[in-house]
Amino acid sequence: MVPSSLSQVTVGGYSHRDNNLNVSVQEFGHRGIRVDKIRVVLADDHQEVIAKVRGILGDEFEVIEAVENGRQAVSAVLALDPDVLVTDISMPLLNGLQAARNIQKANCRAKIVFLTIHEDRDFIVAALSAGALGYVTKRRLSIDLVYAIHEALQGHTFVSNSKRT
Amino acid sequence: MGRIRILLADDHTMICAGLAKLLEPHYEVVGCVEDGVALLKAAGALKPDVVLLDIGMPLLNGLDAARELRKRMPYVKLIFLTMESDSYIAAEAFRAGAVAYLLKTSRPAELLQAVHDAVRGVSYVTPQISRAMEARFIRDPRALDRPEQLTGRQREVLQMLAEGRSMKEIAYVLEIAHRTVRFHKYRIMDELGITTNSDLVKYAMRHGMISAA
């Protein structure tokens with residue numbers, strides 16, 4: 001299925017894409033007309049993590065907002081309509097799982113990828129239950145995050161391997 | 001665009017037949033296989049959009065079949081439908097590439113919802129499992145601040161309790177007072193939010209401290 005008109009894509013700006021069509025930026029890629037970057041909102045209460053993630057996300061991404069708690073994450077996603085939210089779990093005011101659930105309930109099209117230190121399998125199930133598609137552990141950040149985001153944009157799940165396996 | 005094509009994998013023929021009946025008004029059921037090896041073969045030949053699979057299947061189990069399918073056909077949406085209600089197994093299923101996880105005790109409407117969500121790139125976890133997670137992490141955010149971190153001594157005590165040893169015996173082995181063992185036991189139960197001995201055993205089993213056999 002392709003979008004009815006490619007004029008939906010605007011140069012240098014952001015165009016709304018119908019969630020039901022599940023058209024991601026990548027799908028325009030083979031036509032050589034990819035004009036906009038993948039717009040990302042980051043949520044983590046540690047500035048070092050935000051800085052590290054910015055460093056890992058290459059040119060194809062644009063970090064449009066970085067916030068430090070779950071409440072701000074929900075507001076940013078609702079206001080900015082990003083392609084992806086990359087969020088921590090343990091954060092002040094509203095944790096990442098609560099934020100994800102609120103975003104899911106608001107029917108936002110943003111794909112959610114968790115980035116967390118938690119390796120406990122219950123957190124994985126909680127994250128997927130809250131509407132996330134990606135679950136990346138901070139230990140595997142540099143290896144897994146970009147892949148997990150691409151998978152999420154295609155509507156696929158991705159969960160980092162544990163150190164036990 | 002054609003109808004969404006679904007391949008079923010379950011070693012219980014009646015279940016397959018029931019699922020096909022449930023799905024067919026909305027989707028095209030392209031086949032039903034009864035083991036993991038047959039699943040890989042059929043998926044390669046039939047190229048379904050969605051695979052609905054069980055975990056416990058002969059020859060090759062559903063988790064391993066899913067891992068292999070994901071490598072061979074990364075675009076296929078994998079939906080587990082199983083009797084395994086343990087979140088530990090559910091997490092493994094997601095790690096193997098599942099986009100949805102349902103139980104055989106789930107309502108039929110959930111299956112249609114899960115397929116609907118899956119083809120749109122939205123994950124689905126049956127409320128039978130997600131509700132417990134929601135209670136633990138979403139409605140009680142403090143649960144995040146008390147991760148299940150037991151001390152070394154607590155883990156020793158837990159393992160022996162789960163092995164069925166008495167508190168007296170544990171006290172003897174660890175060379176500590178009987179009341180200290182009791183103290184550890186209640187701290188462990190408090191830490192894990194567990195109230196019964198059988199749940200202690202289950203916890204130890206799930207975390208590989210004792211084997212299920």
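Below, chains carry the letters A, B, ... as their sequence lines are ordered, and counting in each starts from 1. Just so it is clear, the model here is predicted, and its values are computed rather than measured.
Checked by atom type and distance alone, the side chain of Lys111(A) never pairs as donor or acceptor with a backbone atom of Val122(B) at under 3.5 Å.
Between the NE2 atom of His156(A) and the OG atom of Ser123(B) there is a distance of 13.5 Å, given to the nearest 0.5 Å. Once rounded to the nearest 0.5 Å, the distance linking OG of Ser87(B) with CG of Asp122(A) reads 3.5 Å.
Smallest separation of non-hydrogen atoms from Arg95(B) and Ser160(A): NE-O, 3.0 Å. The minimum heavy-atom distance linking Thr157(A) with Phe94(B) is given by the pair OG1-O, 4.3 Å. Nearest approach of Arg70(B) to Glu151(A), heavy atoms of both residues: NH2-OE1, 3.3 Å. Here the shortest heavy-atom pairing between Ser130(B) and Ser129(A) reads CB-OG, 3.3 Å.
Chain A is approached within less than 4.5 Å, heavy atom to heavy atom, by Ala98(B), Val99(B) from residues 98-112 of chain B, ordered by number.
Looking at Pro127(B), there are no atoms closer than 4.5 Å to chain A (heavy atoms on both sides), in backbone or side chain. Heavy atoms closer than 4.5 Å to chain B are found nowhere in Ala127(A), neither backbone nor side chain.
Within a 6.0 Å radius of CZ in Arg155(B), no more than 12 heavy atoms belonging to other residues, nucleotides or ligands are found. Within a 6.0 Å radius of NZ in Lys52(A), no more than 12 heavy atoms belonging to other residues, nucleotides or ligands are found. Other residues, nucleotides and ligands contribute only 12 or fewer heavy atoms inside 6.0 Å of the CZ atom of Arg187(B).
Comparing Ala132(A), Ala100(A), Ala126(A) by how many heavy-atom pairs each has under 4.5 Å with chain B, the most go to Ala126(A).
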